[in-house]
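The next block holds one structure in the form of C-alpha cells; read it before the comments.
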Amino acid sequence: MLREEAISAVEPLLTIPAIMEDSEWAQDELPEVLALIGPDTLSILGSILADPTRNHWTHATAIESIGKVALQRPETCAKAVNLLIEQMKRMEELPSFAEDDYELNAFMIISLTRLKAQEALPVIERAFKAEHVDEMITGPWELTQKEFGLITQEEFDQLYPPSPPFSLFESFASKFDDREPPSPFNPSTTGKSKYKNLATTKKTKQKMAQKSRKKNRKH
C-alpha cells in the first residue's frame, strides 16, 4: 500500500512548478528519492520527459532520476537507456533549439555515459555534430568518446594537450570527477573519471539566471 502511494506521488512531485524551479531539495534530492521507490517510476518519468509542456527543470530532474533508477537497479538499465535515447531522437526533430534544449541534451548524454550505453553512441554523436549540445556541461565529443573507450587517453591528449592554462576545459573537466579534474587537465589523476550529479550544474545555472534577473530589475 505504501509503495503504491509512493509511486502515485511521483508525477505530482515532478509537476509542481514552484517546487521544481525554486527548491534546491527537489532538484538535488528528488532523483535519489525516486530511485529508492524503484523501477515502477520509470514509465512515469519517461512520460514526463516526453511531454513538451513540462518545464525545463522538471525535464532535467526526470533525466537525472531515470539515470539514478538504472544505476541502483541494473535490471532496469535497458529500459532507462531506451527512454533517454528516444527523447534525444525526438529532440532531433525540433524545428529549432532553445538554450534549454542544448542543456537537456547534455544532461542526457551525461546520464547515458554514466550507464556506459554503447547503443546510444549514434544519437550522441549526431547531437554533437549538429552542435545541439551544451559543451560547457559535457565537454567536447572527444571527451565522451574517451569515456566510452573509443579513443585512448593519448589520442585525447593530442587533441587537448595536458596542463593547459585555466580554461573552459578545466570547467567541464571538473564535472566528471568529484575529487579533482581528470587527466589530461591534471596528469596526476588516475583511474576512471566519475560523473557528478546534474544538481551542481543545475544549481549553478539557476544562480546565474537569478543574478541576471536582479541586474535586469536594476536597469
Cut-off 3.5 Å, no hydrogens considered: what does the side-chain donor-acceptor table look like for residues 82-89, sequence neighbours left out?
{"from": "Gln87", "atom 1": "OE1", "to": "Arg90", "atom 2": "NE", "distance (Å)": "2.9"}
{"from": "Gln87", "atom 1": "OE1", "to": "Arg90", "atom 2": "NH2", "distance (Å)": "2.9"}
{"from": "Gln87", "atom 1": "NE2", "to": "Leu49", "atom 2": "O", "distance (Å)": "3.4"}

Stepwise side-chain contact (heavy atoms from CB on, under 4.5 Å) check, Trp141 with Val133
CA-CA 9 Å; Trp141 162 231; Val133 180; over 6 Å; no
Is it true that a side-chain atom of [X] and a backbone atom of [Y] form a donor plus acceptor pair closer than 3.5 Å?
X      : Y      : result
His56  : Asp101 : no
Thr41  : Ile37  : no
Ser65  : Thr61  : yes
Glu125 : Pro122 : no

Distance-minimising heavy-atom pair for [X] and [Y]:
X      : Y      : value
Ala35  : Val69  : CA-CG2, 3.7 Å
Lys116 : Glu147 : NZ-O, 2.7 Å
Phe128 : Pro140 : CE2-C, 3.9 Å
Leu112 : Ala120 : CD1-CB, 3.8 Å
Met91  : Met108 : SD-CE, 3.4 Å
Ala80  : Ala70  : CB-CB, 3.6 Å

More than 12 non-hydrogen atoms from neighbouring residues, nucleotides or ligands closer than 6.0 Å to CD on Glu131, yes or no?
no
List the steps, then state whether side-chain contact (heavy atoms from CB on, under 4.5 Å) holds for Lys79 with Arg73.
CA-CA 11 Å; Lys79 181 174 182 178; Arg73 303 292 186 97; over 6 Å; no
Determine which pairs satisfy ring-ring contact (aromatic ring centres under 6.0 Å, His included) with at least one residue from residues 73-104, sequence neighbours left out, and list them in order.
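Residue pairs with at least one partner in residues 73-104: Phe97-Tyr102, Phe97-His132.
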I'd like to know if Glu64 and Arg114 make a salt bridge, using a cut-off of under 4.0 Å between side-chain N and carboxylate O.
yes
Should Arg126 and Lys129 count as side-chain neighbours, where that means a heavy-atom distance under 4.5 Å?
no
Do you see a donor-acceptor pair shorter than 3.5 Å between the side chains of Lys68 and Ser111?
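Checked: Lys68/Ser111 side chains show no N/O donor-acceptor pair below 3.5 Å.
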Only one of Val81, Ile110, Ile66 clears side-chain contact (heavy atoms from CB on, under 4.5 Å) with Leu115; which?
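For Leu115, the side-chain contact (heavy atoms from CB on, under 4.5 Å) check succeeds only for Val81.
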From Leu104 CG over to Ile109 CD1, what is the distance, rounded to the nearest 0.5 angstrom?
11.0 Å
Using 0.5 Å steps for rounding, measure from the CG atom of Leu159 to the CD1 atom of Ile151.
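Those atoms lie 6.0 Å apart.
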side-chain contact (heavy atoms from CB on, under 4.5 Å) between Thr138 and Asp134: does it pass, once the steps are laid out?
CA-CA 7 Å; Thr138 61; Asp134 186 341; over 6 Å; no
Decide yes or no on side-chain contact (heavy atoms from CB on, under 4.5 Å) for Thr144 and Leu150, but give the supporting numbers first.
CA-CA 9 Å; Thr144 297; Leu150 299 179; over 6 Å; no
